[in-house]
Undergrad: 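First the structure, then my questions, so here it is.
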Amino acid sequence: MAQYLLLSLAASASLLAGVCSSALAQQPVQPLPKVGSCPLGYYSSGGYCVPSSGGNTRGAIEKSGAGCPLGFYSSGNYCLSSPSNEREAIQKSGKGCPLGWDSSGSYCVRSR
């Protein structure tokens with residue numbers, strides 16, 4: 001009985017750790033509409049900037065205004081996610097951010 005309880009607790013802790021880590025979403029690495037030159041780690045294909053296949057390309061978002069959101073740095077007309085960044089950002093639409101997101105300049109950044 002004690003072994004079953006320990007195994008059950010270990011499985012629950014493992015499941016909880018997976019749920020907690022998946023709650024922190026990194027910026028998706030995906031094709032972006034091309035605005036000027038492509039950011040570092042992306043190449044031009046048609047009207048898009050496509051992630052390179054090297055495996056260490058960072059997620060990016062089109063730059064809105066002069067700066068980038070918390071956890072991102074400027075690369076041309078885009079903001080690239082910093083290597084240690086565990087957050088996702090979207091461009092702000094209107095004055096506020098959706099529930100679960102925090103304001104960061106012209107962007108909304110997913111809350112931790």
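The figures here come from the full heavy-atom set of this structure, side chains too, leaving out hydrogens, waters and symmetry mates.
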Undergrad: Report the C-alpha separation of Tyr78 and Cys49 in whole Å, then their side-chain angles, then the decisive distance to 0.1 Å, and conclude whether the side-chain contact (heavy atoms from CB on, under 4.5 Å) test is met.
TA: CA-CA 10 Å; Tyr78 299 89; Cys49 292; 3.6 Å; yes
Undergrad: Say whether Leu80 and Tyr48 are linked into one hydrophobic cluster, either directly or through other cluster members, by side-chain heavy-atom distances under 4.5 angstrom.
TA: no
Undergrad: Can you confirm whether Tyr42 sits close enough to Leu32 that some side-chain heavy atom of one is under 4.5 Å from a side-chain heavy atom of the other?
TA: yes
Undergrad: With rounding to the nearest 0.5 angstrom, report the SG to CG distance, Cys79 to Leu70.
TA: 11.5 Å
Undergrad: Treating Ser81 as the side-chain partner and Ala60 as the backbone partner, does any N or O pair qualify as donor plus acceptor under 3.5 Å?
TA: no
Undergrad: Could you tell me which non-hydrogen atom of Gly46 sits nearest to which non-hydrogen atom of Ser44, and how far apart they are?
TA: O-OG, 4.0 Å
Undergrad: Decide whether Val29 and Ile90 are clustered together by the hydrophobic rule: side chain heavy atoms of Ile, Leu, Val, Met, Phe, Trp, Tyr closer than 4.5 Å, transitively.
TA: no
Undergrad: So, taking the atom named CD in Glu88 and the one named CD1 in Ile61, what distance separates them when rounded to the nearest 0.5 Å?
TA: 8.5 Å
Undergrad: Please test Gln26 against Glu86 for side-chain contact (heavy atoms from CB on, under 4.5 Å), starting from the C-alpha separation and ending with a verdict.
TA: CA-CA 5 Å; Gln26 292 182 341; Glu86 294 288 336; 3.5 Å; yes
Undergrad: Checking Trp101 against Arg110 for the side-chain contact (heavy atoms from CB on, under 4.5 Å) test, could you report, in this order, the C-alpha distance in whole Å, the side-chain angles of both residues, the deciding distance, and whether it holds?
TA: CA-CA 4 Å; Trp101 296 72; Arg110 190 182 296 268; 3.4 Å; yes
Undergrad: Which atoms form the tightest heavy-atom contact between Lys92 and Gly105, and what is the distance?
TA: NZ-O, 3.0 Å
Undergrad: Just how far is it from atom OG of Ser64 to atom CG of Asn77, taken to the nearest 0.5 Å?
TA: 11.5 Å
Undergrad: Just wondering, do Tyr43 and Cys38 contact through their side chains at under 4.5 Å, heavy atoms?
TA: no
Undergrad: Quick one: pull up OH in Tyr107 and SG in Cys68 and give me the separation to the nearest 0.5 Å.
TA: 5.0 Å
Undergrad: Roughly how far apart are Cys108 SG and Leu99 CG, rounded to 0.5 Å?
TA: 11.5 Å
Undergrad: Checking the side chain of Ser75 only, and the main-chain atoms of Leu40 only, is there a donor and an acceptor separated by less than 3.5 Å?
TA: yes
Undergrad: Any donor-acceptor pair under 3.5 Å linking the side chain of Ser111 with the backbone of Gly100?
TA: yes
Undergrad: May I ask you to decide if Ser82's main-chain N or O and Arg58's side chain share a donor-acceptor pair within less than 3.5 Å?
TA: yes
Undergrad: How far does OG of Ser106 sit from NZ of Lys63, to the nearest 0.5 angstrom?
TA: 11.0 Å
Undergrad: Do side-chain atoms of Gln27 reach the backbone of Ala89 as a donor and acceptor pair under 3.5 angstrom?
TA: yes
